[in-house]
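One-based numbering along the sequence shown.
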Amino acid sequence: MLPLNAAHPQRVVSQAVGTDELLLALADPGQIAALSHISHDAQFSPVAAEARRFSALRDSDAESVLRFRPDLVLAASFTRPETLTLLRRAGVRLVVLDRFNTLEDIYASLRLLGRELGQEARAETVINQCRARAAALAARLSGVKPVRVLSAGVYPFTSGAGTTFQDLCDHAGALNVATEAGLRGHAPTPSEKLLVWNVEVLVASEGESTRAQLAAIPHYRALPAFKAGHLVMLPGPMMSSVSHHRIAAYEALARALHPERFR
């Protein structure tokens with residue numbers, strides 16, 4: 001006999017960390033067949049502890065996904081195109097999430113996945129919780145002078161408009177100097193211009209050697225903000241989250257930039 005909710009998927013496989021986060025928030029445990037191949041690794045996943053209750057893919061390729069006999073596969077637009085092509089050819093239902101830059105994008109993904117899973121009410125509950133946290137943070141930061149920040153990393157790119165980092169700045173009382181300078185997306189860091197951008201704080205993903213790695217890059221090492229130790233490091237999974245879990249990053253960055261509002 002089929003389960004009463006057989007119209008909804010019963011063997012869902014998530015192929016990316018971001019879809020892991022959404023699936024864990026909405027699905028009944030029995031609906032989850034497997035999560036991404038890095039879902040159990042806290043270095044990449046903010047929900048690693050919860051994810052360890054479920055199987056993980058061996059890799060991110062189509063073969064690893066299909067061995068779990070899914071009736072729904074969740075992927076992201078940054079999934080390798082060849083993997084998406086093979087999954088489509090296999091005839092499995094595939095939902096590809098492709099908008100991550102704002103909270104409204106995340107709410108749209110939650111609602112889409114809620115419909116797919118038959119968990120619309122649960123999706124609205126998560127959205128309402130997010131809205132409440134975002135509103136409480138906005139009230140706490142009301143009237144603050146935005147701190148001038150730059151996304152810094154060991155790769156020769158920084159984050160401008162239309163990125164998750166810009167969204168982070170929008171909610172944490174920060175002004176992204178790369179966006180102010182006209183950069184869009186993840187653009188090459190214009191090292192020769194950084195000194196005139198008046199960067200007050202560098203924001204980077206946390207790591208054991210992050211500070212030393214940044215110090216080895218001449219254009220960061222020369223910045224007065226870096227020399228003064230004005231560096232905020234956020235856990236990598238938190239900073240890069242493309243789900244509702246990014247609200248924790250808003251709160252962490254806001255607390256670091258505006259400690260007087262959290263006393």
Side-chain angles (χ1 to χ4, degrees), residues 17-22 24-26 44-47 76 78 97-113 123-153 157-187 197-206 210 225 230-263:
V17 170
T19 52
D20 292 342
E21 296 169 34
L22 296 171
L24 286 169
L26 300 184
F44 302 102
S45 170
V47 291
F78 47 79
L97 301 180
D98 60 1
R99 296 176 58 192
F100 316 101
N101 291 340
T102 69
L103 272 181
E104 291 303 321
D105 291 339
I106 293 170
Y107 298 158
S109 294
L110 284 163
R111 289 191 172 107
L112 171 61
L113 186 52
E124 292 303 320
T125 295
V126 174
I127 290 169
N128 289 336
Q129 291 169 344
C130 290
R131 290 192 190 280
R133 285 176 68 182
L137 182 60
R140 188 181 287 269
L141 296 177
S142 178
V144 297
K145 180 183 178 182
V147 176
R148 299 175 61 82
V149 303
L150 176 74
S151 172
F157 295 92
T158 193
S159 302
T163 63
T164 55
F165 182 74
Q166 180 59 52
D167 179 63
L168 174 57
C169 292
D170 290 341
H171 289 85
L175 187 154
N176 183 359
V177 296
T179 296
E180 182 184 55
L183 272 62
R184 291 196 59 83
H186 299 285
W197 281 5
N198 188 25
V199 179
E200 295 176 317
V201 174
L202 297 173
V203 182
S205 292
E206 189 175 64
T210 298
H230 297 165
L231 174 64
V232 173
M233 290 190 287
L234 300 178
M238 177 190 294
M239 187 169 174
S240 62
S241 175
V242 294
S243 81
H244 55 292
H245 287 284
R246 79 167 60 167
I247 292 181
Y250 300 164
E251 295 165 342
L253 181 58
R255 186 179 294 274
L257 297 180
H258 303 284
E260 73 284 355
R261 293 298 180 100
F262 292 84
R263 291 172 183 155

Practice prompt. List the steps and the verdict of side chain to side chain contact (heavy atoms under 4.5 Å, CB included) for S109 and L22.
Written response: CA-CA 8 Å; S109 294; L22 296 171; 4.1 Å; yes

Practice prompt. On the 0 to 90° scale, with breaks at 30° and 60°, tag the H171-Y250 ring pair as parallel, tilted or perpendicular.
Written response: parallel

Worksheet item: So, the side chain of T164 versus the backbone of T102: is there a donor-acceptor pair under 3.5 Å, distance only?
Response: no

Item to complete: Using the test salt bridge (Lys or Arg N to Asp or Glu O under 4.0 Å), find all partners of D170 that sit at least two apart in sequence or belong to another chain.
Response: none

Fill in: Non-neighbouring partners of R131 that pass side chain to side chain contact (heavy atoms under 4.5 Å, CB included), sequence neighbours left out
E104, Y107, R111, I127

Worksheet item: Once you round to the nearest 0.5 Å, how far does CE of M233 lie from CG of L253?
Response: 13.5 Å

Response to the item:
Between the CZ atom in R148 and the CG atom in L175, the distance rounded to the nearest 0.5 Å is 5.5 Å

Discussion item. Side chain to side chain contact (heavy atoms under 4.5 Å, CB included) for R133 and E251? Distances and angles first, verdict last.
Written reply: CA-CA 9 Å; R133 285 176 68 182; E251 295 165 342; 2.6 Å; yes

Practice prompt. Give, for atom OG1 of T163 and atom CZ of F100, the distance between the pair rounded to the nearest 0.5 Å.
Written response: 13.5 Å

Discussion item. Do T158 and V177 make a side-chain contact, defined as non-hydrogen atoms from C-beta onward lying under 4.5 Å apart?
Written reply: no

Fill in: From CA spacing to verdict: side chain to side chain donor-acceptor pair (under 3.5 Å), Q166, S159
CA-CA 7 Å; Q166 180 59 52; S159 302; over 6 Å; no

Worksheet entry | Minimum side-chain heavy-atom gap V149-V199 below 4.5 Å | no

Worksheet item: Would a 4.5 Å heavy-atom cut-off, applied to side chains only, mark L113 and L97 as touching?
Response: no

Worksheet entry | Nearest non-hydrogen partners of N101 and D105, listed with the distance | N-OD2, 3.0 Å

Response to the item:
Between the NE2 atom in H245 and the CD1 atom in I106, the distance rounded to the nearest 0.5 Å is 10.0 Å

Item to complete: Determine whether V47 and P237 make a side-chain contact, defined as any pair of heavy atoms from C-beta on separated by less than 4.5 Å.
Response: no

Worksheet item: Between H258 and G173, is there a donor-acceptor pair closer than 3.5 Å when you use the side chain of the first and the backbone of the second?
Response: yes

Discussion item. Tell me whether S240 contacts the main-chain N or O of G236 through its side chain, where contact means a donor paired with an acceptor under 3.5 Å.
Written reply: yes

Worksheet item: Do the side chain of R261 and the main chain of R140 share a donor and acceptor less than 3.5 angstrom apart?
Response: yes

Worksheet entry | Closest approach of A134 to L103 (non-hydrogen atoms, all atoms of both residues) | CB-CD1, 4.1 Å

Worksheet item: When rounded to the nearest 0.5 angstrom, what is the spacing between CG in L150 and SG in C169?
Response: 9.0 Å

